[in-house]
Amino acid sequence: MAADAAAADTTAAGHPSVLASVLAFERRGQAFCCPTADVLEIIEEPALDDPGYPTPLVAGVLLYQDRFVAAVDPACIFDHVPERRGDVILIQGPAGAVALLADSVLGFRTPAALAPAPWIPAGRICRSAAVIEGIGRAFVLAGDGLGDVPSASRATAPGEFPGTASCSGRRNEPDAAHAAPMHLVFTVAGRLFAAQYSDVQRILYRQRPFRIPGALPPIDFAVDVIGAIVPVLDLAKADMHPASADFVVLSSSVGPLALRVDGIERPLALVRDVTEPGWFPAPGVAGIARKPGSDAAEPKDRAYSVITGEMLLRGLTAGAALWEGRPS
């Protein structure tokens, strides 16, 4: 918590280093919040129109007080496909107003700390994350990030990633990296791993795992994710029981799986290396990814083992069968 307190001294453009009050809400399993001072109105399940063209972040268009407002699905921050449903929270910033889609509004809260969120790719509204008691880490969607949302009146060609205006007015032009899927990069036991953002359900920080009574390896522990019990998987040491740890929660066919990680790096746009073999000895690894344009023969090129919840499930299920066959 000391690190969070130190990071909270960092002041975002136009916003205090510690938010006095936020409105917390949930969207597709992830906690978000926005400063109370930026909130204009909460509207229950309004009718949303199709924006008419593909664009990042924008799921629909809301007609509000005789003007069109872009409706953003916060799940798009993590590359999930936008869904045009739910309540909306209207927030106002220097770049105008935006409607944030929410599944449930958790209420007004006072954050314990506020820190930068470097794992969120640039141009995705979020600049920081708040620590909220009873909720955990919630990503802050504030007025200073609304310049990232493309104008709903601008037509965009299919497949184009439009340049978006930052809060300083400078436009971020598209580049080759936008063609590659964004990945969350993390380390486990000194090894580099990555998971595509669309596979990531949540990121948990300093969460306390608890032992599952009667459980068998490789799943001994679980974590609480907003009232849901999620099994914990550990690629480093199956019988490890830290007092608290960081987790990346991945989706699978049986539900969410929490992977314990040592640290989370900055997100990267990565592409699969098709020259790699289709099988890997490490559990959970679905392939190898590299930065776009990298040459596999280049000595400085870094390879990232791509983890998916489904491959974790298969690998660790097979590992459990081997574990049961070990002599006591």
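Residues: numbered from 1 along the sequence shown.
Side-chain N or O atoms of Ser21 include none that pairs as donor or acceptor with a backbone N or O of Thr36 at under 3.5 Å. Side chain of Asp224 to backbone of Ile229: no donor-acceptor contact under 3.5 angstrom is found. Checked by atom type and distance alone, the side chain of Glu83 never pairs as donor or acceptor with a backbone atom of Asp73 at under 3.5 Å. A donor-acceptor pair under 3.5 Å is formed between the side chain of Asp246 and the backbone N or O of Arg206. Formation of a donor-acceptor pair under 3.5 Å by the Asp38 side chain with backbone atoms of Ala142 is not found in this model. Not one N or O on the side chain of His183 forms a donor-acceptor pair closer than 3.5 Å with the backbone of Val271.
How far CG of Leu100 is from SG of Cys34: 6.0 Å, rounded to the nearest 0.5 Å. One finds the CG atom of Leu250 at 7.5 Å from the CD1 atom of Ile307 (value rounded to the nearest 0.5 Å). Considering CG of Leu312 and CG of Leu259, their distance stands at 5.5 Å, rounded to 0.5 Å. Interatomic distance, Leu40 CG to Ile89 CD1, rounded to the nearest 0.5 Å: 11.5 Å. A distance of 7.5 Å separates CG of Leu204 from CZ of Phe247, quoted to the nearest 0.5 Å. Distance CZ/Arg302 to CZ/Arg290: 12.0 Å, rounded to 0.5 Å.
The shortest non-hydrogen separation linking Gln201 to Pro256 is OE1-CB, 3.4 Å. Residue Gly309 comes nearest to Leu257 through the heavy atom pair O-CD1, 3.5 Å, listed as atom of the first residue, atom of the second, then distance. When all heavy atoms of Cys33 and Ala24 are compared, the closest pair comes out as CB-CA, 3.9 Å. Scanning both residues, Ala194 and Leu270, for their nearest heavy atoms gives CB-CD1, 3.9 Å. Contact between Ala70 and Val149 at its shortest, heavy atoms only, is CB-CG1, 3.9 Å. Contact record, Asp87 with Glu45: OD1-N, 2.9 Å, taken as the closest heavy-atom pair.
Here ring pair (Phe, Tyr, Trp, His ring centres under 6.0 Å) pairs that include residues 81-104, with residues two or more places apart or in two chains, number zero.
For the pair Pro82/Val58, no side-chain contact is recorded, criterion being any heavy-atom separation below 4.5 Å from C-beta on. By the 4.5 Å heavy-atom criterion applied to side chains, Ile212 and Phe221 are not counted as neighbours. Contact of the Pro46 side chain with the Tyr64 side chain is not registered, since no non-hydrogen atoms from C-beta on lie closer than 4.5 Å.
Annotation: side-chain hydrogen bond (donor to acceptor under 3.5 Å, both in side chains) contacts of Asp103 (sequence neighbours excluded): Arg27, Arg85. Looking at residues two or more places apart in sequence or on another chain, you find no side-chain hydrogen bond (donor to acceptor under 3.5 Å, both in side chains) involving Arg84. With sequence neighbours left out, the side-chain hydrogen bond (donor to acceptor under 3.5 Å, both in side chains) criterion links Ser104 to no other residue. Evaluation of the ring pair (Phe, Tyr, Trp, His ring centres under 6.0 Å) rule for Phe186 yields no partner, not counting sequence neighbours. For the side-chain hydrogen bond (donor to acceptor under 3.5 Å, both in side chains) test, no residue two or more places apart in sequence or in another chain qualifies with Gln92.
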Does Leu62 form a side-chain contact (heavy atoms from CB on, under 4.5 Å) with Leu90? I'd like the steps, not just the answer.
CA-CA 10 Å; Leu62 171 69; Leu90 279 162; 4.2 Å; yes
- Message: Test side-chain contact (heavy atoms from CB on, under 4.5 Å) on Ile125 and Phe139; report intermediate values, then the result.
- Response: CA-CA 10 Å; Ile125 306 180; Phe139 295 106; over 6 Å; no
As a quick check of understanding, evaluate side-chain contact (heavy atoms from CB on, under 4.5 Å) for Leu141 and Ile77, giving each step before the final call. CA-CA 11 Å; Leu141 307 180; Ile77 294 173; 3.7 Å; yes
Practice problem: Kindly indicate, with the supporting measurements, whether the criterion side-chain contact (heavy atoms from CB on, under 4.5 Å) is fulfilled by Lys291 and Leu268. | Solution: CA-CA 8 Å; Lys291 290 184 181 179; Leu268 291 174; 4.0 Å; yes
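When hydrophobic clusters are built by joining Ile, Leu, Val, Met, Phe, Trp and Tyr residues whose side-chain heavy atoms come closer than 4.5 Å, directly or via intermediates, Val306 is not grouped with Met311.
The pair Asp148-Arg127 counts as a salt bridge, with a side-chain nitrogen and a carboxylate oxygen less than 4.0 angstrom apart. Between Asp262 and Arg191 there is no salt bridge, since none of the side-chain N atoms of the basic residue sits less than 4.0 Å from a carboxylate O of the acidic one.
Phe78 and Phe32 have tilted rings, their planes meeting at an angle from 30° to 60° on a 0 to 90° scale.
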